[in-house]
Amino acid sequence: MPPPPPEPARDIPLHRYTAALASEIESRWQERWQRDDAYRAPNPGEHGFDPAQPKLFVLDMFPYPSGAGLHVGHPLGYIATDIYARYHRMCGKNVLHAMGFDAFGLPAEQYAIDTGTHPRATTEKNIGIFKKQLRRLGLGHEERRGVATTDVAFYKWTQWIFLQIYNSWYDAALNKARPIEGLIADLDSGTRPTGPQTKPWPKMDANERASHIDSHRLAYLADVDVNWCPALGTVLANEEVTTDGRSERGNHPVLKRPLRQWMMRITSYNERLLSDLEGLDWPEPIKMMQRNWIGRSEGAFVDFASGTRKVRVFTTRPDTLFGATYMVLSPEHALVDALAADKWGPTAPEAWKGRFPGAEALIAKEVSPKEMIAAYRAFASSKTDQERQADAKDKTGVFIGAYAVNPVNDERIPIFIADYVLTGYGTGAIMAVPAHDKRDFDFAKQFGLPIRDVYYPNAVLAMRFFCASATEGERRGEAWFPTLADFLGVVTSGDLKPNEFEGALSGIRAKPRNPEDDMKAKRAEKRHAHEDVPGALGQRRGTIRVSWQETLEGMGFDSFGELCEWFESKAFHAHSGEAFTGEGVAVNSGLLDNLHTHDAKQRISEHLEHKGLGKRAVQYKLRDWLFSRQRYWGEPFPIVYEEGDAKHERPIALPERLLPVTLPEIDEYKPVASDDPNAPPQPPLGRAKEWITVELDLGDGAKRYRRELNTMPQWAGSCWYYLRYLDPRNAESFVAPKVEQYWMLSEKGPADLGACGPDKASGSSVSEIDKPSGPQAPKPTFHSGGVDLYVGGAEHAVLHLLYARFWHKVLFDLGHVSTPEPFGRLFNQGYIQAPAYSDDRGVYVEATAVVEESPGRFSFEGKPVRREFGKMGKSLKNVTTPDDVCDEYGADTMRLYEMYMGPLEQSKPWNPRDIVGVHRFLQRVWRTVIDEDTGALRVSEEAPDAETLRLLSKTIESVRSDFERLSFNTAIAKLIELNNHISKSYGERPTPRPLATAIALMLAPIAPHFAEELWSRLHAGNAASIIRQPFPEADASALVESSIELPVQVQGKVRSRIVVAAEADEATIRAAALGDEKVRAFLEGKTVQKVIVVPGRMVNIVAG
RNA sequence: GCCGGAGUGGCGGAACUGGCAGACGCGCUGGACUCAAAAUCCUGUGCCCGCAAGGGCGUGAGGGUUCGACUCCCUCCUCCGGCACCA
């Protein structure tokens, strides 16, 4: 960024609102606000707390304090929440708005590895830079609540929450988490049996009991496949692995490896995480992403017998069971070895024996099924996830020499293993229905397996009926369509849409008989594409785009009769080209025949359950959460192990009194890397020799224990930081219940939540405190309480927001918080994009040094460069920092510009050229109030004229509603309009005081320093801060107009305008419209058929 | 492939529930001030025809519903985001 241009001071009026003046005003007020603790929001019990005052909790997604500092993209959301918070403060609310730091994490640790600087030093330095930058923007955060996740006093409570989770289990009967003591009590008293597969509780020894308990905990150790990077010596999150299966840092190979890791049983909550989304005021796309991530699907388990064993499959389409022609297990399925035959039977086709690279050679060597299985497993596990995805169409697998019996028709079907069946989902086994599943279809084609239709599209069935009963005349004549449509009506219970039929017909489209026909069909399609469709369907069900004749031609038939002949000749195959996965009518399915998909599902489920062959089931994609990392810069686990036998070790939770477990100092931060990929991980904490063992008395005498050496992932702190804002200094608990209830519970529904005004702001939130908690609490209508407004980027749509919801629900179940959801209203701000320029080698060049030669042509150091738009960042060399903008225009202009760029939720390009617009606006407002030459006030005590007052009231109304909706760009536009009107109306004359004060007040949330300065000057320096002045109210009486102008349309086009009395009745308006000269000219020679009068809106005259 | 979101002047965008398309800003045009420039102020600015009055066309494309469609419905195209063999 070039230095700001020197102010050409000599010709500019002395008291103009310039960057220099802005800077002076801004630092002066920032100091003053800090001195006065201007944003203090008292907690219950604190000085100044008023129980009658409504509360508002506004939250930003707190940042990771990176070394690069802020760029202009970061504060977008912060400015928005600041405006919202300031506005509501002016509406008399007790507003909590704070900013903390998500300060654990990899960059500081990586920097430590490279330089030896302690991550805490780096982190604290960066936090200092961030705080300074944020303060410079005038963000009204309450300082005392701004916590960092790395503060020992903070992560003590992160560890405490971990213990709460660890010491809990999920009681499926009550559908909530309970303390683990409850489980032990149930087992002791015998009210809860251990389960059919397990030893009874009284017969277990101490070890067995402990592991039985451990297997119920919400935090548990398990052997799981993780992304393990031997070179870095750590497991990596999926986001830290590149698309080609290497580490993002260092580009080292990453492999899947089973390791004993901490897990969180988030899957216990899948149903609640899913259904509680309904009550949240969140953007629909985010809800959708969470739904997809949780991935609920309804279906059934079905048991297939194979020899003496049963293989259970999961399917969402039990209604296609009659079409199952083979079965597939995942390569790792537990039953594969037991089921596999010693040799392939004589009837096993060669093609089944193995299809994967290297299989042919093995077949030639006549290896046994078991050898082939081993080879296939080796092949499958060597594939990265990316390769699997790339090969999705090319299916591989091996026939294991065994058969299973389809329980509904006793058919013998072959069993395969294939890696397109995943171990971790469902039962890791499927019944394959190639006719109605794309993947099964691909597999069947490649292995030469039978494909049996058990569903036909509705149209096909209609065709069957038709072919069976239509007369020769109907086939050949014009009347074919109505008859077919009637059949369709029967088949589809009458609600088939025309387009569905069109689609259905194209679904059975025959392969063109020869290329020439295909061309003919295409030409026909083009020729007729825009013609309206005559005929029965057009009249009966609306109009469709392509005529039936064309549909026929498109399928390669000249007439309907020809289609019938073809259909009857059995050349037709529903799956000629692909699997039919849509809904339709069952065929070839015995008891399901002629049922529609929905009914068939119902019927088969009842049948299976009745016969004991299967049962309805629900599956989820959501997996338990891998919760440990081999890193230094994270929260240590409050967990120790007994010294000694490492194989059977069980974790021991530290009691609360031993918290916090502080991070030890170590001399080197690097994890211990290893060339042996099978070596156990050596987390950096292992270097703290003094720390890794500890002598403790946990109730059975002093003993030495080994500490857990893993640390928690970065998500841990962000799962609950918002709760610590409420009560940041509390040493007794993570948040005092009274305080938590005050800030998190909302008595009001969603409609009232954002509302602000004297009539709506009454009523107390504290009366709510006695509300019962627990899952039995009254069902939320829409708003489930929690944070009133949470603003952040959509990149956290699933991970952070899902993890935080999970922790919150656990805390809720255990009675530590009073709302089932943490964030009642969520808003996603867009990204700020910026042009980035690359030269002919594709290397990015410094964007600030690029010049625009001519529109659309850019050059850097004389050479042409290419422009694109991307997320602002170091790598694209297109960063602008807020400090640059503050230097050049001031923080208020910066705030105003970011809000004026466009809708908050939209991504938009950073365009510095536009900043002058809002800067000029502030200059004009300044001139409305202050004389640029003398610096004196230029306001008068005279009353504003009626028209200006009306505009003022209108502006107040819309600005208020715009603020509520976070529509700041339009709010600013209204304010510009108002100011333009004032300067036009009053010109050189001084501005009436009410207008000046109103505009200052309305600007206060957006441009706080600027508004405070005007406010102060308007009151000769004797005013209390504008921060808590009441926001202007619209004057209803000023809004009344005596006459209004209405547009008059003829045939829907505006032709004239009429002025009528505001309260004019319809007849008067009608007469005025018809009498209008211009209207009469347009009605010349026509008769008026209809006059539509929309009172207060417009008039439309229909004439013909 | 599946699921979302979005396409409006030269540019960013407005029109909130089907009722005056283009608010507001940038840019550009012309003018005032100035020796001149900058800054500031005023004027105009969707496209086409027209000296003008006026007219025609216009919200990604095509159709539909309606007295009336940026807004609702259908088909298609383009861009962005998410998921990706989840049975």
Side-chain angles (χ1 to χ4, degrees), chain A residues 8 11-13 16 18 283-289 291-293 295 297 299 313-317 320 328 385 388-389 391-393 395 418-422 424-433 437-440 442-443 497-499 502 529-533 542-546 619-621 794-795 797-798 855 897 900-903 905-909 911 913-918 920-921 923-924 927 932 958 961-962 965 967 969-970 972-977 980 983-984 987 1045-1054 1057 1089-1092 1094 1096-1103:
Chain A
D11 283 353
I12 283 186
R16 172 162 294 177
T18 59
E284 198 48 46
I286 301 292
K287 288 191 184 181
M288 194 58 77
M289 282 161 73
R291 279 187 207 113
N292 291 341
W293 191 264
S297 45
V313 304
F314 175 72
T315 176
T316 54
R317 292 292 303 273
T320 61
V328 188
D385 287 355
R388 283 168 56 108
Q389 275 168 39
D391 301 342
K393 254 205 113 88
K395 295 282 186 289
D419 67 355
Y420 83 91
V421 173
L422 308 174
Y425 185 78
T427 62
I430 61 155
M431 63 176 206
V433 185
D437 181 278
K438 207 175 145 346
R439 299 146 301 180
D440 296 343
D442 291 341
F443 189 90
K497 292 184 189 82
N499 290 302
E502 193 191 342
H530 306 313
E531 280 176 22
D532 282 349
V533 184
T543 310
I544 65 162
R545 194 166 52 88
V546 183
Q619 291 289 306
Y620 299 86
K621 285 198 241 177
E795 70 271 19
V798 266
Y897 172 62
Y900 193 61
M901 287 171 74
E905 67 275 18
Q906 222 166 77
S907 288
K908 51 236 152 183
N911 193 350
R913 203 175 63 177
D914 290 345
I915 302 176
V916 293
V918 284
R920 290 207 275 249
F921 163 58
Q923 286 183 332
R924 290 201 299 270
R927 256 199 308 275
E932 278 192 334
S958 22
S961 85
D962 286 348
R965 297 186 293 134
S967 178
N969 55 330
T970 51
I972 294 166
K974 305 274 165 47
L975 290 171
I976 294 174
E977 233 172 320
N980 286 351
S983 56
K984 218 171 252 161
E1045 194 190 63
L1046 290 181
V1048 182
Q1049 298 179 338
V1050 179
Q1051 318 289 57
K1053 285 187 179 167
V1054 180
R1057 277 149 217 290
Q1089 288 165 343
K1090 205 170 172 188
V1091 179
I1092 295 119
V1094 186
R1097 285 281 193 182
M1098 44 68 68
V1099 182
N1100 190 12
I1101 298 165
V1102 188

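Because the structure is a prediction, the values reported are computed rather than measured. Protein chains get the first letters and strands the later ones, always in sequence-line order, with residue 1 at the start of each.
When rounded to the nearest whole Å, the span between CD of A:Gln1089 and C1' of B:U66 equals 15 Å. Atom-to-atom, CD of A:Glu932 to C1' of B:C41 comes out at 11 Å; the value is rounded to the nearest Å. Here B:G12 presents its C1' atom at 6 Å from CG of A:Asp914, a figure rounded to the nearest Å.
Of the nucleotides present, none pairs with B:A21 by Watson-Crick or G-U wobble criteria with both distances under 3.5 Å. The base-pairing partner of B:A38, taking Watson-Crick or G-U wobble contacts with both distances under 3.5 Å, does not exist among the strands shown. Across every strand in view, B:G9 sits unpaired, with no contact that passes the Watson-Crick or G-U test at under 3.5 angstrom. Pairing of B:G46, defined by two Watson-Crick or G-U wobble distances under 3.5 Å, is identified with B:C57. Using Watson-Crick or G-U wobble geometry with both donor-acceptor distances under 3.5 Å, B:C72 finds its partner in B:G64.
Separating the P atom of B:G18 from that of B:C70 is a span of 13 Å, rounded to the nearest Å. When the C1' atom is compared between B:G44 and B:U34, the two are found 23 Å apart, to the nearest whole Å.
Pairing each heavy atom of A:Gln1051 with each of A:Asn1100, the nearest pair is N-OD1, 3.8 Å.
Side-chain atoms of A:Lys395 and base atoms of B:C85 include a donor and an acceptor less than 3.5 Å apart.
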List, with names and distances, any nitrogen or oxygen atoms from the protein found under 3.5 Å away from nitrogen or oxygen atoms belonging to nucleotides 27-31 of chain B.
{"from": "B:G27", "atom 1": "OP2", "to": "A:Arg920", "atom 2": "NH2", "distance (Å)": "3.0"}

Interface polar pairs with nucleotides 67-69 of chain B, N/O, under 3.5 angstrom:
{"from": "B:C67", "atom 1": "O2'", "to": "A:Asn1100", "atom 2": "ND2", "distance (Å)": "3.2"}
{"from": "B:C67", "atom 1": "O2", "to": "A:Asn1100", "atom 2": "ND2", "distance (Å)": "2.6"}

